[in-house]
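Input: a single structure, listed below in structure tokens.
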Amino acid sequence: MAARLEQSEHLHRFLVESSPDLIYTIDHSGRFTFVNGRIESLLGYTREELIGSKYNVIVHEDDLEKAQYAFAERRRDIRAVSNLEVRLKTKNDSFRYFEDNLIVSMMSATGIYVDKCGEDSLVQNCYLGTYGVARDITERKIADETIAFQAFHDQLTHLPNQRLFKDRLEMAIIHVKRHGGVVGVMFIDLDRFKLVNDTYGHAAGDELLKNVALRLRNCMRAGDTLARKGGDEFTVLLPDMVKAEDATITAEKIKQELQAPFNIAGQDVHISASIGIAVLPRDGESVDTLLKNADIAMYKVKANGKNGFKYFIPDMNTCSCERISLENDLRQAINNAEFKLYYQPQFSVRKNEIVGMEALIRWDHPVHGLMNPLSFIGMAEETGLIGEITDWVLGEACAQLSSWRAKGFSNLRMSVNVSPQEFERNDIITRIMGHVTNNHLPTNSLEIEITENVLLQDAPGVIKKMRALRDHGVRISIDDFGTCYSSLNYLRLFPVNTIKIDQSFVRDLTFEHGVSPIIQAIIGIARGFGLHLIAEGVESCDQLEALNELGCDEIQGYFFSKPLSGGEMERLLVSACGNTPKCFTGTGPGSEHRKVMRETSAGGRASLPVCCPP
Ligand code: C2E
Ligand code: MG
Ligand code: MG
């Protein structure tokens, strides 16, 4: 009998000790009376450390109440507590999740009951202690939490996703409807992100988004929600505003926070954001309306030069519908052959002839008529359609130049405007050179006009491309010179051939006001750096005289000619041949020369001589 008993005990001990679960008993005061060996591998305690200690020692503070309740219940049989989830503390101050599959009271028909004062008495149906089995469910819990997190968060930035954002906005709307108040919704779109992504690759783009998310988060207050909408778009919920204008503070902070450059692949890259703001209840009372209106306001910022913020106003709604329809029309414009190139002659006073022309695009819209580039180039840049447009302009301009050269006008130069964003693309050199070669043009007959802001972005990459163009012999001019952040340093660094004095400075040149110091400075800079100079927007004889006197030889502007269609330009080239206006018969600038010139051009435009075909 003794041997069988011993064998049975061995078996039971073996079963208890080799169980994957934690098996324990506690007495009436909640102290451990037994714990199996699993405690060591699961929580790091030896069983000696725990026997005699209260269960509070290992139950997580936040779950104590739950545990107390379950142990106090003292249920048995099918009424025993099961599936109680608690966190148990490990010895190294961390915790693991457990599910108590069973907490059951151990009773005996009669027994000795020891009360709180240590007095014992013989009682019926005596409580001996509680027996429990707890399973470690930490891995499952982590997996569940990860799945739940992923359902409501963006995987890349770990910010809330749109599902969570919309849910929180819904709550905020309900709150405002019940209790009043003002809630702000922001729509943030990064400027130039696509370019960074295309230039440095998707991995760098992802890294940038993560860093932007971190900086944006710094601009939020507790209670605000910053969410990622997708791509380079973020949304913000500002639930605790006092008045509509409070969102300005957050928007300014974001602008400020993004000012410092981001380091991408070892290079400093500047990123800004366009932010649209809609306010509840003023600008809508539903999630979709608020988001749509914030989006519309954001587009307004994009259209006005990006890097800023705007509050939604109802007027924007009509504009945005027009914009969307115009954007759709723009997509069709190339296929429908709606673009036209106009050419504005550039005249050399010294040579007394047309030396070149600038190609200027027009959109012959089926409903709106002939549209000038300022009304659609920005949109083309934002939508990425600019690539196709640049190719079309380059192709058309080079083909036209080639045709005029074949007719004998062999010294003409063609200037083509290339958007800053285009100039940063890796394939721009190949594309430009492709058009030059296809049309058998000498490379120096093409001049690429870029604006100063190209030079500010990604300087080393741009310098490389400009050098490559120059090495091929293509000329480069800086358009609208003096209107951006003209820096003498970049003129030293960049291989530029020509600077074009912007028309705003030329406009200031009047007979009464005399010569502006800015123009004098620009002409001095061009001379100092040995650069070719063109003045644009020359509308009057006074302006032409003043420029000529200052030593600016090449002139472009309405004084000579407005931009002309290809046919008109050709007629001008042919008719101007041999026709030298009196005002340019003088040998050089001087009082007599100016006098004749003013007399000749009074009340009208100068007629144009041109380099004649042989
Ligand atoms: P821009 O390159 O500075 O071109 C000069 C602009 O000044 C042209 O306007 C021209 O018509 C206008 N202009 C010329 N002479 C005078 C004058 O005497 N007085 C006045 N008030 N204006 C004069 P346009 O054609 O409307 O072009 C505007 C801008 O659009 C251009 O400025 C250029 O930046 C851009 N653009 C034009 N064509 C293209 C193109 O093919 N591609 C790109 N990316 N941009 C283009
Ligand atoms: Mg230009
Ligand atoms: Mg210009």
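The first residue of the sequence shown is numbered 1, and numbering continues consecutively from there. Treat the numbers as computed from the prediction; the structure is a model and nothing was measured. All ligand and atom numbering here is 1-based and tracks the order in the structure.
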(request) Taking only heavy atoms of Asp479 into account, list the atoms of ligand 1 that are under 4.0 Å away from them. (result) 1 (P), 2 (O), 3 (O)
(message) List ligand 1 atoms under 4.0 Å from Glu449, heavy atoms only on the residue side.
(response) 2 (O)
(message) Within ligand 1, which atoms have a heavy atom of Asp480 less than 4.0 Å away?
(response) 3 (O)
(request) For atom 18 (O) of ligand 1, find the nearest protein heavy atom and state the residue, atom name and distance (0.1 Å precision). (result) Tyr558 N, 2.8 Å
(request) Select one of side chain, backbone, both or neither to describe which atoms of Ser419 lie under 4.0 Å from any atom of ligand 1, heavy atoms only. (result) both
(request) Just say parallel, tilted or perpendicular for the rings of Phe560 and Phe347, cut-offs at 30° and 60°. (result) tilted
(message) For atom 41 (O) of ligand 1, what is the closest protein heavy atom, and at what distance to 0.1 Å?
(response) Val393 CG2, 3.5 Å
(request) Considering only NZ, NE, NH1 and NH2 on the basic side and carboxylate oxygens on the acidic side, decide whether Arg215 and Glu257 come within less than 4.0 Å. (result) no
(request) Without swapping roles, check the side chain of Gln543 against the backbone of Val506 for a donor-acceptor pair under 3.5 Å. (result) yes
(request) Name the orientation class of the two ring planes belonging to Trp392 and Phe339 (parallel below 30°, tilted from 30 to 60°, perpendicular beyond 60°). (result) tilted
(request) For residues Leu572 and Pro345, determine if any side-chain heavy atom of one lies less than 4.5 Å from a side-chain heavy atom of the other. (result) yes
(request) For the pair His368 and His365, name the ring-plane relationship: parallel under 30°, tilted 30 to 60°, perpendicular over 60°. (result) tilted
(request) Give the residue and atom name of whichever protein heavy atom lies nearest to atom 29 (C) of ligand 1, and the separation in Å to one decimal. (result) Leu374 CD2, 3.7 Å
(message) Suppose I only count heavy atoms of Pro563 and a 4.0 Å limit; which atoms of ligand 1 are within that range?
(response) 11 (O)
(message) So does His435 get a backbone contact from the side chain of Asn439, meaning a donor-acceptor N/O pair under 3.5 Å?
(response) yes
(request) Salt-bridge test for Arg413 and Glu554: reply yes if a basic N is under 4.0 Å from a carboxylate O, no otherwise. (result) yes
(message) As a check for students: among Glu381, Gln503, Glu358, Arg507, identify the option with a heavy atom nearest to atom 6 (C) of ligand 1.
(response) Gln503
(request) Could you list which atoms of ligand 1 come closer than 4.0 Å to a heavy atom of Glu539? (result) 17 (C), 18 (O), 19 (N), 20 (C), 21 (N)
(message) Donor-acceptor check, side chain of Asn293 to backbone of Asp283, threshold 3.5 angstrom: yes or no?
(response) yes
(request) May I ask you to say whether Glu252 pairs ionically with Lys255, meaning some side-chain N is under 4.0 Å from a carboxylate O? (result) no
(request) Please write down residue, atom name and distance for the protein heavy atom closest to atom 31 (C) of ligand 1. (result) Leu360 CD2, 4.2 Å
(request) Look at atom 37 (C) of ligand 1 and say which protein heavy atom is nearest, naming residue and atom and giving the distance to 0.1 Å. (result) Pro373 CG, 3.4 Å
(request) For atom 25 (O) of ligand 1, state whether the nearest protein heavy atom is under 4.0 Å away. (result) yes
(message) Distance to the ring centre below 6.0 angstrom and angle to the axis at most 45 degrees; does that hold for Lys302 and Tyr299?
(response) no
(request) Check the side chains of Asp553 and Ser348 for a donor-acceptor pair under 3.5 angstrom, ignoring hydrogens and angles. (result) yes
(request) For ligand 1, find out whether one of its N or O atoms is nearer than 3.5 Å to an N or O atom of Ile361. (result) yes
(message) What's the separation between atom CG in Asp502 and atom CD1 in Ile522, rounded to the nearest 0.5 Å?
(response) 8.0 Å
(message) Which option wins on minimum heavy-atom distance to atom 15 (N) of ligand 1: Arg362, Gln556, Gln344, Glu536?
(response) Gln344
(message) Is there a polar contact between ligand 1 and Asn417, counting only N or O atoms under 3.5 Å apart?
(response) yes
(message) If you compare all heavy atoms of Leu326 against all heavy atoms of Trp363, which two are closest, and at what distance to 0.1 Å?
(response) O-CH2, 3.7 Å
(message) Taking 2.8 Å as the limit, list every protein N, O or S atom around the Mg ion (ligand 2), by chain and residue number.
(response) Glu358 OE2, Asn417 OD1, Glu449 OE1, Asp479 OD2
